[in-house]
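Computation of the quantities below employed the complete heavy-atom set of this structure, encompassing side-chain atoms and omitting hydrogens, waters and symmetry-equivalent molecules. Below, chains carry the letters A, B, ... as their sequence lines are ordered, and counting in each starts from 1. Not measured: the values here are computed from a predicted model.
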Amino acid sequence: MSNVFSLFEKRIRNAVQSLEIEGISSQLISRITVEPPRDPAHGHLATNAAMVLAKPAKMNPRVIADQLVAIISADSDVASVDIAGPGFINLRLTDGFWAQHLTDIVSSGTRFGAASAGSKSKVNVEYVSANPTGPMHVGHCRGAVVGDALANLLAFAGHDVTREYYINDAGGQIDVLAKSVFLRYREALGQAIGAIPEGLYPGDYLVPLGEKIAQTHGDSLLAMDEAQWLPLIKEAAIDAMMDLIRSDLAALGVRHDVFFSERSLHAGGAENSLISKAIARLTDMGLVYKGTLPPPKGTKPEDWEDREQMLFRSTDVGDDMDRALMKSNGDFTYFAADVGYFQDKFDRGFSEMIFVLGADHGGYVKRMEALGRAISDGASKVTIRLCQLVKLFRDGEPVKMSKRSGEFITLREVVDEVGRDAVRFMMLYRKNDAPLDFDFAKVTEQSKDNPVFYVQYAHARCHSIFRQAANDMPDMPQGQDAWAGADMSLLSDEGETALARKMAEYPRIIEAAAAAHEPHRVAFYLYELASQLHAQWNRGRDYPALRFINQENAPSTLARLALVSAVSNILASGLGIIGADAPEEMR
RNA sequence: GGUCCCGUAGCUCAGCAGGAUAGAGCGUCGGAUUCCUAAUCCGAAGGCCACUGGUUCGAAUCCAGUCGGGAUCACCA
């Protein structure tokens with residue numbers, strides 16, 4: 001058990017059970033928590049056990065606490081116990097326990113905090129899923145990073161994670177793309193195309209594709225009807241755009257295991273497509289009917305008209321209104337494709353399906369949750385994380401973008417300018433449901449304004465210490481084996497023990513962040529850990545006896561290097577989850 | 001009008017499935033480099049946690065409502 005808090009949570013719950021107080025249910029016992037106290041003066045661990053039990057047991061919390069203290073203080077790992085405030089029980093653990101725990105952390109290397117092998121649940125994380133109509137722009141950045149880091153986090157926390165990208169390659173925007181490419185193709189053949197008409201994609205990034213098609217097909221497409229060239233160009237355009245997107249994502253360090261094509265859901269026609277089969281299932285469940293939808297409340301669209309359509313009775317499964325499955329022309333709606341898609345995901349055995357979406361998809365959440373409930377009958381959980389907007393600033397001035405003119409900032413430009421690590425860290429240095437201001441100047445600045453450099457520097461500093469030690473004390477063994485054998489009980493300075501306790505929180509942070517789907521917690525934790533390392537380093541300035549390297553005292557130096565290695569490993573591990581490098585030196 | 005998110009220090013934000021005296025960075029003021037990287041550290045000042053009720057031993061946190069700010073709202077994708 002590498003999580004100190006859950007270890008003692010278990011012990012205290014056992015102690016509570018052994019008290020055999022009447023009226024104590026197991027559900028009540030699950031409310032007992034063990035956490036680090038806010039104020040370090042209160043000890044190492046604090047539990048609310050007595051306060052949770054007091055009322056149901058009709059006892060004074062102090063009385064319960066006294067009984068618990070009698071049991072807990074018999075624990076050989078516990079140095080002292082006291083009761084404080086309204087009934088908190090505060091524990092201090094023995095030096096021997098902490099020394100052993102530090103050794104455990106050191107020996108675990110960068111796997112410290114990772115879930116030990118157990119039943120891995122299959123989780124699907126879908127993120128990015130940008131339309132394949134052009135390069136990624138900054139707006140996609142946040143979701144990409146949050147999704148990728150969340151996937152990293154869940155994998156580290158012991159889940160079997162599939163990273164998925166849903167390619168919206170079936171809709172009308174793909175026809176628009178193909179027509180835009182066709183124009184570029186004609187341009188490549190020397191035809192004058194003039195200004196790009198309204199409604200088509202004006203971006204230059206389609207020029208090379210037009211040229212490529214001109215090379216492979218010559219002018220043969222010019223003689224065809226649109227119905228003939230459209231599928232040809234569509235195919236090539238989707239491939240080219242996905243290549244573009246994949247390379248943009250690679251620049252951000254984002255990767256996916258599965259690229260799922262929306263078009264593949266339509267394949268097979270009205271009888272055999274995944275969509276029709278999934279809808280047939282919903283129909284069997286009585287969740288599909290023909291009817292008309294009421295107009296939205298409040299705003300009444302001027303062009304409102306009643307139309308009878310095939311509808312999904314999503315109100316039966318928690319939605320606010322029923323949803324259209326089929327357009328009046330007989331085509332499936334976008335949502336109908338989702339029905340097939342959700343069915344496919346469910347059939348692949350995921351116990352949780354997570355979607356990381358932009359805030360503009362807020363209105364889509366309920367129907368997705370409803371769909372998940374209908375299809376899996378509660379067996380698979382649908383979780384949606386919305387990322388709020390990112391506002392771009394340059395030197396305090398908002399950066400204006402216009403989609404119409406094609407003047408948008410691409411993801412690639414941002415990565416090129418500020419670097420992958422900074423982009424990723426900044427996107428995670430905020431909880432995802434809060435808007436985010438992103439200032440180019442600040443993010444590029446290599447200063448304390450910039451948490452990325454702060455954390456990376458702490459990691460580099462650890463390695464600088466190792467280099468210095470190797471230089472000053474060449475006989476000093478280094479490496480995980482040597483450090484795991486260090487006598488950690490030699491670490492008695494309060495800064496050192498505080499560092500040890502901070503590190504002990506890492507598994508707890510990972511667990512909680514994974515459960516809440518909040519990767520930003522890891523970023524904040526890393527900042528705090530880095531801060532404590534920097535502080536301890538500087539204490540060595542004021543008190544030379546506290547320096548990590550002491551040539552007069554090899555055993556102490558070895559223990560301190562082991563401590564530093566543990567910090568270094570956690571920083572590297574956390575930066576790995578965030579998707580940023582952990583450099584060994586920064587110059 | 002419906003739905004969702006946000007409202008915490010001058011500014012930008014944390015606050016861990018309710019817990020003890022609400023935290024950090026920036027900014028302001030005052031300090032620390034013969035020293036393992038000062039890209040760092042230490043200290044001070046600064047808060048009616050939007051407002052009003054409710055739930056309970058206990059609320060920034062949960063619930064209801066109010067007021068602000070943002071997103072979204074029938075065949076689009």
Side-chain angles (χ1 to χ4, degrees), chain A residues 31 33 35-39 42 46 48 51 54-55 60-61 84-88 90 131 133 168 170-174 262 292-301 303-307 309 320-321 323-329 331-335 337 358-366 386 388-389 429-431 433-437 439 442 445-451 453-454 456-458 460-461 464-469 471-472 505 508-509 511-513 515-516 518 520-521 523-525 527-528 531 533-542 544 547-549 564 585-587:
Chain A
R31 282 182 50 203
T33 59
E35 15 184 273
R38 285 266 149 82
D39 186 344
H42 291 141
N48 59 356
M51 293 180 293
K55 186 157 194 200
N60 186 313
F88 285 102
N90 293 327
N131 289 345
T133 55
N168 295 136
Q173 86 280 6
I174 296 297
E262 183 188 354
T292 54
L293 254 18
K297 293 164 189 166
T299 58
K300 305 136 199 165
D303 56 346
W304 176 265
E305 52 179 277
D306 280 333
R307 23 176 186 257
Q309 303 170 275
D320 296 330
M321 60 183 290
R323 305 293 173 177
L325 293 171
M326 207 171 256
K327 305 180 198 173
S328 43
N329 69 3
D331 288 348
F332 286 124
T333 60
Y334 179 78
F335 181 65
D360 55 338
H361 286 71
Y364 211 69
V365 170
K366 287 204 172 177
L386 294 180
Q388 293 297 321
L389 289 177
Y429 205 57
R430 191 121 320 174
K431 59 182 179 223
D433 42 15
L436 169 67
D437 290 347
D439 193 313
K442 274 197 176 166
E445 197 175 309
Q446 300 195 358
S447 75
K448 52 192 161 190
D449 263 11
N450 192 334
F453 286 93
Y454 187 85
Q456 288 184 322
Y457 178 45
R461 177 167 262 175
S464 161
I465 292 165
F466 301 147
R467 287 190 295 271
Q468 189 66 32
N471 184 56
D472 292 353
E505 288 178 28
R508 197 172 174 273
I509 295 287
E511 224 172 89
E518 292 186 344
H520 75 274
R521 292 190 198 182
F524 281 95
Y525 171 81
Y527 187 89
E528 290 163 13
S531 168
L533 179 88
H534 289 311
Q536 187 62 11
W537 191 93
N538 275 274
R539 274 158 63 77
R541 271 177 198 290
D542 299 333
R547 292 184 188 176
F548 295 118
I549 299 166
V564 171
E585 61 180 331
M586 299 173 79
R587 296 236 174 234

*Asks:* Distance between the C1' atoms of G18(B) and G10(B), in whole angstroms?
*Replies:*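 It works out to 30 Å between them.
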
*Asks:* Go nucleotide by nucleotide along RNA chain B from the 5' end; which of D433(A) and F548(A) gets its closest nucleotide reached first?
*Replies:*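 The residue closer to the strand's 5' end, by nearest nucleotide, is D433(A).
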
*Asks:* With a 4.0 Å limit, can you tell me whether K431(A) has a side-chain N or O closer than that to the phosphate oxygens OP1/OP2 of G15(B)?
*Replies:*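 Indeed, a polar side-chain atom of K431(A) lies that close.
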
*Asks:* What integer distance in Å separates D39(A):CG from G15(B):P?
*Replies:*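 Roughly 20 Å, once rounded to whole Å.
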
*Asks:* At under 4.0 Å between heavy atoms, what does A170(A) touch on the DNA or RNA strands: base, sugar-phosphate, or nothing?
*Replies:*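 Here A170(A) touches no strand at all.
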
*Asks:* Taking atom P in both C4(B) and C62(B), what distance in whole Å separates the two?
*Replies:* 15 Å

*Asks:* Should U61(B) be called syn or anti, with syn set as within 90° of 0?
*Replies:* anti

*Asks:* Consider the side chain of R38(A), meaning its heavy atoms from C-beta on, and name the nucleotide among A32(B), U12(B), A20(B) that approaches it most closely.
*Replies:* A20(B)

*Asks:* From the set C76(B), C41(B), A20(B), return the single nucleotide nearest to any side-chain atom of K327(A).
*Replies:*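 Nearest listed nucleotide: C76(B).
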
*Asks:* For atom C1', what is the distance between C67(B) and U28(B), given to the nearest Å?
*Replies:* 32 Å

*Asks:* Does K55(A) put a side-chain nitrogen or oxygen below 4.0 Å from OP1 or OP2 of C57(B)?
*Replies:*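 Yes, within the criterion.
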
*Asks:* Pick base, sugar-phosphate or nothing for E505(A), based on heavy-atom distances below 4.0 Å to the nucleic acid.
*Replies:* nothing

*Asks:* When you measure from the side-chain N and O atoms of R541(A) to the phosphate of G31(B), is any distance below 4.0 Å, counting only OP1 and OP2?
*Replies:* no

*Asks:* Counting only side-chain heavy atoms from C-beta out, which of A77(B), U3(B), G25(B) sits nearest to N168(A)?
*Replies:* A77(B)

*Asks:* Begin with the C-alpha distance, continue with both residues' side-chain angles, and end with the deciding distance and a verdict on side chain to side chain donor-acceptor pair (under 3.5 Å) for Y525(A) and R521(A).
*Replies:* CA-CA 6 Å; Y525(A) 171 81; R521(A) 292 190 198 182; over 6 Å; no

*Asks:* G23(B) P sits how many Å from Y429(A) OH, rounded?
*Replies:* 17 Å

*Asks:* Compare the minimum distances between each of A20(B), A32(B), A71(B) and the side chain of A46(A), then state the nucleotide with the smallest one.
*Replies:*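 Closest nucleotide to the A46(A) side chain: A20(B).
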
*Asks:* How is G363(A) classified with respect to the nucleic acid when contacts are heavy atoms under 4.0 Å: base, sugar-phosphate, or nothing?
*Replies:* sugar-phosphate

*Asks:* Which nucleotide sits closest to the side chain of E262(A): A39(B), C75(B), A77(B)?
*Replies:* A77(B)

*Asks:* Counting only Watson-Crick or G-U wobble pairs whose two distances fall under 3.5 Å, which nucleotide matches U72(B)?
*Replies:*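 Across all strands, the one nucleotide that pairs with U72(B) is G2(B).
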
*Asks:* Does the side chain of R521(A) get closer than 4.0 angstrom to OP1 or OP2 of C16(B) through an N or O atom?
*Replies:*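 Answer no for this pair, as no side-chain N or O of R521(A) is under 4.0 Å from OP1 or OP2.
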
*Asks:* Please give the distance between the C1' atoms of G27(B) and A45(B) as a whole number of Å.
*Replies:*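 It works out to 12 Å between them.
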
*Asks:* Under 4.0 Å, heavy atoms only, any strand: does A359(A) hit a base, just the sugar-phosphate, or nothing?
*Replies:* sugar-phosphate

*Asks:* Could you give the distance separating U8(B) and C48(B) at their P atoms, to the nearest angstrom?
*Replies:* 12 Å

*Asks:* In this structure, how many angstroms lie between the C1' atom of C73(B) and the NE2 atom of H361(A), rounded?
*Replies:*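 Interatomic distance, NE2 of H361(A) to C1' of C73(B): 14 Å.
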
*Asks:* Mind checking the C1' distance from G1(B) to A60(B)? Whole angstroms is fine.
*Replies:*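 Pairwise C1' distance, G1(B) against A60(B), rounds to 31 Å.
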
*Asks:* Can you tell me, in whole Å, how much space there is between the C1' of G69(B) and that of A50(B)?
*Replies:* 11 Å

*Asks:* Should A14(B) form a Watson-Crick or G-U wobble pair with both distances under 3.5 Å, which nucleotide is its partner?
*Replies:*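 A14(B) is unpaired by these criteria.
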
*Asks:* Quick check on RNA chain B: between F88(A) and Q468(A), whose nearest nucleotide comes earlier from the 5' end?
*Replies:*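 Closer to the 5' end of RNA chain B: F88(A).
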
*Asks:* Just wondering, do Y454(A) and A39(B) stack (centres under 5.5 Å, planes under 30°)?
*Replies:* no

*Asks:* F524(A) near the nucleic acid: base, sugar-phosphate alone, or nothing, with a heavy-atom cut-off under 4.0 Å?
*Replies:*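 Contact class for F524(A): sugar-phosphate only.
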
*Asks:* Keeping T333(A) on the side-chain end and A324(A) on the backbone end, is there a donor-acceptor pair under 3.5 Å?
*Replies:*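 Flag set: sc T333(A) to bb A324(A) pair under 3.5 Å.
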
*Asks:* If you look at every strand shown and take non-hydrogen atoms under 4.0 Å, does Q456(A) touch a base, only sugar-phosphate, or nothing?
*Replies:*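 No contact.
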
*Asks:* Just say parallel, tilted or perpendicular for the rings of Y454(A) and Y527(A), cut-offs at 30° and 60°.
*Replies:* parallel

*Asks:* Taking any heavy-atom pair under 4.0 Å as a contact, classify R467(A): base, sugar-phosphate, or nothing.
*Replies:*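 Here R467(A) touches no strand at all.
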
*Asks:* C16(B), A74(B), G15(B): which one has an atom nearest the side-chain heavy atoms of E35(A)?
*Replies:*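 The nucleotide sitting nearest to the side chain is C16(B).
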
*Asks:* Which one, U72(B), U40(B), A32(B), comes nearest to the side chain of N538(A)?
*Replies:*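 Selected nucleotide: U40(B).
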
*Asks:* When we call it a touch if two heavy atoms are under 4.0 Å apart, what does D439(A) touch: a base, just sugar-phosphate, or nothing?
*Replies:* nothing

*Asks:* When you check the phosphate oxygens OP1 and OP2 of G15(B), does a side-chain N or O of H520(A) lie under 4.0 Å from one of them?
*Replies:*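 Yes, such a contact exists.
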
*Asks:* Base, sugar-phosphate, or nothing: which does L293(A) touch, judged by heavy atoms less than 4.0 Å apart?
*Replies:* sugar-phosphate

*Asks:* Per the atom types in the model, does the base of A20(B) pair as donor or acceptor with the side chain of N90(A) at under 3.5 Å?
*Replies:*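 Side chain to base: pair present.
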
*Asks:* At under 4.0 Å between heavy atoms, what does F466(A) touch on the DNA or RNA strands: base, sugar-phosphate, or nothing?
*Replies:*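 Nothing: the residue F466(A), judged by heavy atoms under 4.0 Å, touches no strand.
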
*Asks:* What contact category does R539(A) fall into here, base, sugar-phosphate, or nothing, at under 4.0 angstrom with non-hydrogen atoms?
*Replies:* nothing

*Asks:* Looking only at atom P, what distance separates G25(B) and G43(B), rounded to whole Å?
*Replies:* 10 Å

